[in-house]
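The block underneath contains the structure these notes are about, expressed in structure tokens.
In this text the structure is predicted, and so the values were computed from the model without any measurement.
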Amino acid sequence: MALTQTLTPWDRLRSHWAAPAWLRTVHVVTGAPVALLALAVIGGLAAVSIIFIWTIVVPLVALPLLFWLLPRLTGLQRGRFAAFLSIEIPAARPRPGTRNPIRFLYSEIRDPRTWRQLAYHLLAPLITGVGLFAMIVAWSGALAALTVAINYWTDRTAAEVEGWLMLTLAGALAVAGPWAARLICSVDEVAAVSLLGPSAADVLTERVESLRESRAEVIDAADAERRRMERDLHDGAQRRLVWLAMNLGMARTTLTDLPEPARQVIAQAHDEAKLALKELRDLVRGLHPAVLDEQGLDAALSGVAARSPVPVRLTVDVVRRPSPTIEAVAFFVVSEALTNVAKHAEAHEAFVTVRREGDRLIVEVLDDGRGGADPAEGSGLRGLIQRAGSVDGVITILSPEGGPTTIRADLPCG
């Protein structure tokens with residue numbers, strides 16, 4: 001059972017003037033000069049630009065200077081909130097820099113963050129002005145009322161009741177000071193977080209970018225795991241199966257004096273070992289062929305084309321290799337597409353073209369089969385679309401009834 005601590009009136013009174021209350025008061029007081037400085041800079045540079053707009057040169061110097069100083073003034077306000085209120089207002093992701101003043105001016109004018117910061121710096125003098133006025137009234141009024149009360153008590157000719165009234169007024173103003181500071185700080189915080197912090201669109205953009213980076217890391221990790229599995233299978237299980245098949249083959253050819261049932265068992269075991277070895281090799285090639293890492297798409301796809309039961313004409317024009325992840329996706333697209341051609345297309349020939357166009361890798365697989373390929377009816381084509389989509393690629397399938405069928409993958413190389 002949780003124990004609740006009852007606060008005494010003295011505890012409540014002491015917390016009312018504790019350190020946070022004084023920090024809020026300092027925040028309000030220091031906000032006035034900072035806000036006036038920002039207002040002077042913004043108003044001065046804007047006025048100079050308007051007055052001398054006919055010179056063209058002055059606005060091209062004054063306005064970029066204004067937009068350059070604006071984030072510095074915003075940083076000063078963020079520092080004030082962090083120092084006195086322990087409120088961290090996150091800054092939006094910085095934009096790419098440029099030394100061209102016209103481009104800089106154009107990008108700043110188009111950016112909503114610029115106008116939101118300007119709005120706060122124009123609003124801050126009003127908020128801090130009201131807050132500073134409230135602080136002056138509260139504390140100077142309390143001090144003046146206390147002075148008058150002391151004068152009443154020291155002056156024996158004055159009424160004692162009036163002294164107590166002035167003391168009560170001084171106490172009320174002293175209590176109202178921290179409350180006023182809290183209220184002004186709350187209003188200032190709402191305005192600063194709304195206008196100086198990242199907007200909902202900025203937060204969403206950063207979130208999307210973070211998810212994109214996380215997805216890329218997951219894809220790279222999965223691709224690295226496939227390469228590790230391929231190496232383990234190639235160096236471990238495949239070697240053991242080769243050794244087993246060789247020994248069974250030697251036994252099959254040399255142990256001819258065994259009874260017929262034993263010879264049949266050895267022959268069946270030998271055939272099964274060779275079949276398992278072939279399936280394992282096909283599995284290893286499907287995971288991630290080693291030749292893809294060592295020699296690139298041309299060599300890896302040449303092996304796929306050579307093993308295809310349908311004749312394949314392969315053209316690879318990739319001077320600069322893309323990332324290993326993109327190469328793996330391109331290999332998967334061609335391998336799966338040729339598998340579908342062999343199983344379903346009833347084609348006589350297939351054409352595979354891989355080329356790089358700028359920062360895009362274009363993969364096309366064309367066959368002269370019967371057509372009618374539909375991703376909704378086959379998991380293989382859906383797998384192609386999903387695999388390409390995992391790296392922000394696009395799969396286009398054109399397969400009218402009667403053919404031909406064209407599968408085109410547009411993959412990013414960046």
Side-chain angles (χ1 to χ4, degrees), residues 223 226-227 229-231 233-234 238 274-275 277-357 360-373 375 378-388 390-391 393-400 402-413:
D223 191 56
R226 280 194 295 269
R227 290 196 294 270
M229 292 173 59
E230 184 272 332
R231 288 194 301 268
L233 291 174
H234 183 273
Q238 185 170 316
K274 291 192 294 183
L275 180 60
L277 182 60
K278 179 181 180 301
E279 292 178 352
L280 180 61
R281 284 173 175 169
D282 294 340
L283 174 63
V284 168
R285 294 192 189 101
L287 284 174
H288 192 97
V291 69
L292 181 61
D293 290 333
E294 297 170 359
Q295 302 181 32
L297 277 172
D298 196 354
L301 294 180
S302 296
V304 174
R307 294 190 298 271
S308 174
V310 178
V312 178
R313 294 187 182 182
L314 175 66
T315 303
V316 178
D317 183 14
V318 181
V319 178
R320 185 160 53 93
R321 293 181 62 176
S323 66
T325 301
I326 298 301
E327 283 188 335
V329 173
F331 175 83
F332 176 81
V333 169
V334 174
S335 179
E336 184 67 22
L338 291 180
T339 300
N340 289 338
V341 170
K343 288 183 178 179
H344 310 295
E346 300 177 3
H348 300 90
E349 193 173 18
F351 303 86
V352 177
T353 303
V354 182
R355 64 183 183 276
R356 181 160 182 167
E357 297 180 356
R360 311 294 293 184
L361 184 68
I362 308 300
V363 180
E364 290 183 342
V365 180
L366 172 66
D367 69 78
D368 58 356
R370 58 186 179 89
S379 60
L381 293 179
R382 287 199 303 271
L384 291 182
I385 296 174
Q386 293 170 355
R387 188 71 177 268
S390 67
V391 292
V394 178
I395 294 287
T396 304
I397 300 175
L398 299 177
S399 184
T405 297
T406 301
I407 299 177
R408 175 188 170 98
D410 188 344
L411 307 174
C413 291

Going from [atom1] on [X] to [atom2] on [Y], what distance comes out if it is rounded to the nearest 0.5 angstrom?
X	Y	atom1	atom2	value
I395	D410	CD1	CG	9.0 Å
R355	D317	CZ	CG	9.0 Å
R321	I326	CZ	CD1	13.0 Å
T339	R307	OG1	CZ	9.5 Å

If you look at every heavy atom in [X] and [Y], which pair is closest and at what distance?
X	Y	answer
D368	A347	OD1-CB, 3.3 Å
R356	R320	NH1-O, 2.7 Å
V394	A388	N-CB, 4.5 Å
L297	E327	CD2-O, 3.6 Å
V304	S335	CG1-CA, 4.1 Å
P404	D367	CB-O, 3.1 Å

Non-hydrogen side-chain atoms of [X] and [Y] separated by less than 4.5 Å:
X	Y	value
I397	T406	no
F331	L301	yes
R360	P412	yes
L314	S302	yes
L338	V365	yes
V334	V363	yes
V318	V354	yes

Assess whether atom CZ of R313 is packed by more than 12 heavy atoms of other residues, nucleotides or ligands within 6.0 Å.
-> no

